[in-house]
Amino acid sequence: MSDLSDRLAALDPAAHSPYEARNLDEMISRIVASSPSGAARSAWWQRVQLRLAAALILGTALGAGTVALLQGGTSLAPLAIQTNVARHPGTFSTTEVPQSFEETNFVLAATLTPSSPQSPSFKLSIPPHSAREALRLASAFGVVGAVHRRGDDWTVAGASGASLDYQTSGATPQWYYSSTTPKVAPATASSSVDVALPSHTALNRDALGYLKRLGFDYAVASPVYSESTLSTTGAGGAPVSLGEEEVSYTVTVHRVDTDQTVSFSVDAHNALLYAQGPAFGLGAATNYPLQSPLAGVNALNAMERSTLSGPAVGTGAAGPAMVHAKITSESISLATFRLRNGTSWLLPLYTYSGSVAQKGGPPAAGTWSEIAIQPAYVRLSPAEARSVLNN
Amino acid sequence: MGAPDEDRFARLVHEHSGAVGNYLRRRLYPLSPSDLDDLVEETMIVVWRRIDSVPTDAELPWMLGVARNVLRNARRAKNRRSAVESRLAPAPDDASAEEHVIADESMRHALASLPDDDREILLLNAWDGLDTHALGVYFVISTNAAAVRLSRAQHRFRELLNETQVR
């Protein structure tokens, strides 16, 4: 990993401009002298939040969906979307676009579907008792022990050292099983193996068996298999290598891909090393009206125009740099969102693929996403925005 | 709070505010210096309030865990979370070869394709320098579980990178 670590380090945003605090002693004195009261802190925090919100004007396309408000038809309850916690899509939504402040002009390089598809939304059923759910999941993996809570994380550790972590901070809780192997933290991992590993068929069979035991509503599809060797140092300082095979699935709901994944890995003896996945059940399907994929591209452009200040596209040097994104295909999937009322939903999402021209280099591939629900039903209300802001 | 607490708090601030600031900068980028200062101070307020809870053998990862929650609060407050969240800085201007730029783009694509959990632990290790013990403290999981998660993330990242470069 050292080569990759070096290359990752070269991309570190803080490497070239490390944080320099202005006056630490002053801050220390301020904090120690007056830990702020609740009211004072609230006002102070709101100031920070407001400043952050102001900075958000530089939003990217996917931001359109992340805190939108579905006004709703008369027969549909409105959805006030707070976050898409599962994907964190905005973080790298247009990652191959190299500049942060560019304005993107989306153009079609292929014919997109003009009609609106049918794809229902699903309210998720989240286990109400996290400790109980952690114990239930642990039991499915043969881990028996007391459950310990620290914040949003519940951990069940068995006497053997195997553990089950259940984390509830995201839109959908996630579970993580970890065996006791390797006992010492692996230092490196390589994609080559020199031991015979279980067949894909056996791994797939066992993984599906675990999923059945876990008892969630969702299905899985598109298994991807990979092999690797974990290398570490044993207790006596001797090198230890461990071959492992992993299968990773896309979680599907009614045969539609979601942004959730499940994975299992085993060692050469077919012993389970590690597993992870989401924990949710499905509520009834709700058919919110969708826009067409073609209309979604127009919505992307509209969002670009509304989120970036300055001159219109290509009109002058004072505005943000402009890039042209050629959309070549689209797909629909279900993405996890948390609503302001605390519920979590799977909502249909268009993902557009295409390319962006770059200075001095070949075009870079990119993907952009847009909530598939019709724009007429999705808008950002300033009043609601403030309400979200002050939460 | 007594003087020992104040002394310890002052030491924590002096020793780790830079790492906390860098952590925040990496994940809220770009961000004005004043906003960054405010977020660092918000983190330190929590550290001061919970000074007795700061583990002596894992101060920095514990503080980064606080910063993580501060970020969550900030993000909950945002209308458009995508704008100021971390984006990778543009490739350095001194990239002497086109190949280098392409390689960076491959890295960006591979990072973008990683599941969030994988990306978080990978960058905590690569950017923030947290080892598996510290990652365990940060995520409130065992060192072993942190090590396995990191290994998975590195493995998936390498595979995605290979896929990108083959394309």
Side-chain angles (χ1 to χ4, degrees), chain A residues 1 4-5 7-9 11-14 18-19 21-22 24 27-28 31-32 35 48-49 51-53 55-56 58-60 62-63 66-67 83 87-88 90-93 95-96 98-100 150-151 153 155 163 165 176 178 185-186 189 191 226 228 230 261 274 361 364-365 385 388-389 391, chain B residues 6 9-10 13-14 17-18 21-22 25-26 29-30 35-38 40-42 44-45 48-49 74 76-91 98 101-102 104-105 107-109 111-112 115-116 126-127 132 140-145 147-148 151-152 154-155 158-159:
Chain A
M1 194 70 191
L4 290 185
S5 296
R7 293 171 66 187
L8 275 173
L11 294 174
D12 182 353
Y19 172 67
R22 282 180 292 191
L24 291 179
M27 180 177 73
I28 292 166
I31 292 174
V32 171
S35 290
V48 175
Q49 290 175 332
R51 291 228 304 268
L52 285 170
L56 293 173
L58 297 167
T60 55
L62 191 54
T66 54
V67 197
T83 59
R87 288 171 61 94
H88 294 273
T91 307
F92 299 93
S93 61
T95 51
E96 296 194 56
Q99 301 295 331
S100 296
R150 292 181 69 178
D153 303 330
T155 299
S163 64
D165 297 317
Y176 303 86
S178 177
S191 55
S226 60
S228 61
L230 304 180
T261 62
Y274 178 81
V388 171
L389 188 67
N391 273 345
Chain B
E6 293 180 14
F9 177 64
V13 170
H14 279 284
S17 61
N22 286 335
R25 167 166 282 169
R26 287 166 181 135
Y29 180 88
D35 284 338
L36 190 53
D37 283 339
D38 281 348
V40 170
E41 183 160 340
E42 172 70 6
M44 295 307 172
I45 287 171
W48 170 237
R49 284 175 173 168
R76 274 195 283 270
K78 290 193 294 188
N79 294 335
R80 300 187 189 285
R81 57 183 288 125
S82 57
V84 296
E85 285 192 26
S86 173
R87 297 194 197 184
L88 300 179
E98 190 175 274
V101 176
I102 295 170
D104 277 351
E105 289 307 312
M107 296 284 280
R108 293 172 203 276
H109 181 79
L111 276 175
D116 292 339
W127 286 359
T132 51
V140 202
I141 57 177
S142 68
T143 298
N144 186 58
V148 175
S151 175
R152 296 296 177 286
Q154 291 171 338
H155 179 64
R158 185 180 292 101
E159 287 193 327

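Letters go in sequence order (proteins before strands), and every chain restarts at 1.
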Q) Of all heavy-atom pairs between L36(B) and Y19(A), which one has the smallest distance, and what is that distance? A) CD2-CD1, 3.3 Å
Q) Roughly how far, to the nearest 0.5 Å, is the OG atom of S226(A) from the CZ atom of R158(B)? A) 11.0 Å
Q.
Using the side chain to side chain donor-acceptor pair (under 3.5 Å) criterion, which residues pair with T155(A)? Sequence neighbours excluded.
A. D165(A)
Q. Run the side-chain contact (heavy atoms from CB on, under 4.5 Å) check on I31(A) and V13(B) step by step: do they pass?
A. CA-CA 11 Å; I31(A) 292 174; V13(B) 170; 5.9 Å; no
Q) Which residues pass the ring-ring contact (aromatic ring centres under 6.0 Å, His included) test with Y274(A), sequence neighbours left out? A) none
Q. Any idea which of I28(A), D153(A), T261(A) has the most non-hydrogen atom pairs under 4.5 angstrom with chain B?
A. I28(A)
Q: Taking N22(B) for its side chain and P18(A) for its backbone only, find out whether a donor-acceptor pair lies under 3.5 Å.
A: no
